[in-house]
Structures are given as C-alpha cells and as structure tokens.
Number of protein chains: 2
Amino acid sequence: MSDTANRIIDVMAKLIQTRGYSAVSYQDISDAIGIRKASIHYHFPAKADLGVAVIQKYSESLMAPLDVADKDPSTTPYDKLDIYFAAYQGFKGDDKRVCLCGTLAGEYYALPEVMQAEVNRFFQAQQAWLSELFKDGKNSGVFKLPGTPEQTARLYFDALQGALLSKRAIGDDAQIDDVVATLKALVR
Amino acid sequence: MSDTANRIIDVMAKLIQTRGYSAVSYQDISDAIGIRKASIHYHFPAKADLGVAVIQKYSESLMAPLDVADKDPSTTPYDKLDIYFAAYQGFKGDDKRVCLCGTLAGEYYALPEVMQAEVNRFFQAQQAWLSELFKDGKNSGVFKLPGTPEQTARLYFDALQGALLSKRAIGDDAQIDDVVATLKALVR
DNA sequence: GTCTATACAAAGATAGAC
DNA sequence: GTCTATCTTTGTATAGAC
C-alpha cells in the first residue's frame, strides 16, 4: 500500500465520519491532500473500492488493541472493558467525527453492496468480541450481567454507538461520559 | 398543507430513513409519486425546506403518543415505557428504515444548518421526555434506576438508536428485542 | 399546481501525455 | 504516479406555458 493511497484512505475516513459516505466526493479528497481527482482514481478506480479499503483499515485499527488485550493473560475483564471504552471516549472534545461504521449504518442502503458487507462484518466482530468478554467475565465470577452475554454485548455496543450520535447532535461530551459510567456500573 | 405536499414529505421521510438525506434526490421523489421534479420545487423550493418539514412532521408524530400518555393520569410509568418501546419495535420485520433522526445524526455535518437545528431539537426532546419519566418513576418508588434519571434516559435513548442501526446492519430483529428486554429489566 | 424546457454545477470515471 | 482534458450522468434549481 503506497503512502499516497494511505493518505487518501485516512482523509476519506475522516470525511465519511464527519459527513457520511454519500456526501463525500473525489473533489473533497483532492482538495484536502492537494492531488488531482484523476490521481485518486489511479489508486482506487471506483468510489466503492475506496470505501471498502477505508472500512477495512478502520476495522483493523479498532480490533488491534482488543486482540492485544486478549493475548495478554494478565489483562482482567475490567481492563478489557476500559480498553473498549477508551475507543469511544476518544471522540470527546471538538471532534466532529463519530464511529465510521455507525455513520455508514445510517445510510446503509445508499452503500454499494461490497461496503454493506464490510459494515455487517464490523458490527458482528464488535459484538462478538464483547460477547466473549462478558461470557468470560461471568464464568470467572467477575461480572454480574443484566442479561445473557450476547444481550449485554448488544446493549453495550448499541448504547455506545448511539452515544456518539447524541454527543454530536446535542454537542455535549457528557453524552459519552454518562453512558460509559452507567454501563460500567451495570456489570458490577 | 396540501395533499401533495404531505405525500412528498412522507415519501422523502421513507427515502431518508432508508438511504440518508444526501443520497436522496428530487428525481427519486418524482419517480416514487409520479410527479415532475419541478412540481416538487413548487411545494418545497429548496431541498433543505423539505428536509426541515420532514423532521418536524416526524418529530410530532413520535411525540404525540407520548404527550397523550402524559395527560392521562391512569398511565403508569411502566405503561409509558411500553409506549416508548413500541415506537422502536415498529422497525422490526423487513423494514429497511431506521429512526429518521438517527440517520440524519450520522450525516450531521452534511446537513444544512436549519436541519441540524431540527435534529438537535429532536434529540433533546426525546431525552427530556425520558428523563421526566424516570424522575417520576423514581420519586414514586416504581423504578430503581442504574444512575440518575438523566443518565438512564441517555442510556435508553442511545441504546435504542444504536439497536436500530445494528438491526439493519446485521439483519436480525433480535437486536431490538434484546436491547428492549435488557433495558426493561434494568429499572425493576 | 403541474408541466416542458433549460440552466448550471458537480458528480464519478476514463484517455492519454508526461 | 500524476497530470490535463474530457465524457456522461446526475444533481438542485428556475422560467414560463398551460
């Protein structure tokens, strides 16, 4: 993956997280990194190709710290939960972004099918990781869950995704803090 | 408000809920209701005008049953919660839609400012209603809350918004059922 | 209120020179 | 790899007849 291709992906990711996929044009990327539209098409022939690349890179960057935590046996369930929350708390401040796949899920049927598949994969992977965490935490007697591990995973994931949308629409970081605090207390 | 104007609003609402605002064109509406593009501009000169009208009608339609419940003293806090959940459970089945303002929040910075203001209003109104419900339910000893009334309201709202996105991205109604069931049990 | 016609800008995408 | 130039389609929007 060339350096330019990577910059294109990063700029596209940020633009999608701010405005959504449909509202981003090759011209926007062109303006942002000082390269002509045609040059972008060299790296990503169609917009859908770029969209897929963006989701894949984003998905990997979010899963990486979770995989690291899984491989370290000294990481407790509570540690893992904090690591997970950290990803969402990074959206606080003047950040105009929300979760990439949260945005994309909102405009789901405007997306090319290859991108829908990637969004689907992301949602499944996130919820699967949380399910495993809650299952382990429950079995080891660390967590008290408000439902099954799967149900708890869904509640956590959905609440955090919603919190990002609320935070931006209302313009208040407390939207994230409140949800994180309440979710944390929920499994004690 | 003319009959045609209302049909335009309804079609636009459905299209936004399916694909998002940016991806909907006057041509799409034209095709859907068998009227020329120019005729739509007669009713709504600019796309932003139509967007605002859509949000306002949607917002009123969601708040109406809540206001009715508030005015009837025989409605218990649990009744109100069920009424609130019902709005989200209506998205189950083959429905390709999610909450109108959930979609719009995802593409927030692609929206005209007048529409951003309406989305903001919707989020505030929804959370405010839930906050009141939880405050009353707590004061009357009916609810046991996992946090303050405001925190609980945010958790509920965000989780339900997220559940709609998950339901569609994953294609599983259980996403809504699980979250509703877990949230219900949370205040007992 | 709806139509035809049209203006004007922007979109995604390709061809071919450098 | 990046550029200029261009194609084609689509977008929002307006003018003016009916």
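No experiment lies behind these values; they were computed from the predicted model shown. In the text below, chain A, chain B and the rest are named by the order of the sequence lines, each starting its count at 1.
Contacts between chain A and DNA chain C, taken as any atom within less than 4.0 angstrom of a protein heavy atom, begin and end at C/dA11 to C/dA15.
In the region residues 36-44 of chain B, proximity to DNA chain C at under 4.0 angstrom, judged on heavy atoms, holds for B/Arg36, B/Ala38, B/Ser39, B/Tyr42, B/His43. Heavy-atom distances under 4.0 Å link DNA chain C to no residue of residues 5-29 of chain B. Contacts of residues 51-58 of chain B with DNA chain C (heavy atom under 4.0 Å): none.
For residues 162-188 of chain A, no pair satisfies ring pair (Phe, Tyr, Trp, His ring centres under 6.0 Å), with sequence neighbours left out. Listed by first and then second residue, the ring pair (Phe, Tyr, Trp, His ring centres under 6.0 Å) pairs that reach into residues 93-113 of chain A come to none, sequence neighbours excluded. Identified under the salt bridge (charged side-chain N to carboxylate O under 4.0 Å, His left out) test for residues 133-146 of chain B, with sequence neighbours left out: B/Glu132-B/Lys135.
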Considering only distance and modelled atom types, tabulate donor-acceptor pairs under 3.5 Å from the side chains of residues 39-47 of chain A, sequence neighbours left out.
{"unit_1": "A/His41", "atom_1": "ND1", "unit_2": "A/Pro45", "atom_2": "O", "d": "2.8"}
{"unit_1": "A/Lys47", "atom_1": "NZ", "unit_2": "A/Tyr21", "atom_2": "O", "d": "3.1"}
{"unit_1": "A/Lys47", "atom_1": "NZ", "unit_2": "A/Val24", "atom_2": "O", "d": "2.8"}

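Take A/Asp10 and apply the side chain to side chain contact (heavy atoms under 4.5 Å, CB included) test, not counting sequence neighbours, and it matches A/Lys57. Take A/Lys96 and apply the salt bridge (Lys or Arg N to Asp or Glu O under 4.0 Å) test, not counting sequence neighbours, and it matches no residue. For B/Tyr78, the ring pair (Phe, Tyr, Trp, His ring centres under 6.0 Å) partners at least two apart in sequence or on another chain are B/Phe143. Residues satisfying the ring pair (Phe, Tyr, Trp, His ring centres under 6.0 Å) criterion with A/Tyr88, sequence neighbours excluded, are A/Tyr84.
Aromatic ring orientation, A/Tyr58 versus A/Phe122: tilted (interplanar angle from 30° to 60°).
No donor-acceptor distance shorter than 3.5 angstrom exists from the side chain of A/Asn120 to the backbone of A/Ala117, with no hydrogens or angles considered. Under the 3.5 Å distance criterion, the side-chain polar atoms of B/Glu107 are matched with a main-chain donor or acceptor of B/Ser22.
A donor atom on one side chain and an acceptor atom on the other are found under 3.5 Å apart for B/Gln27 and B/Asp31.
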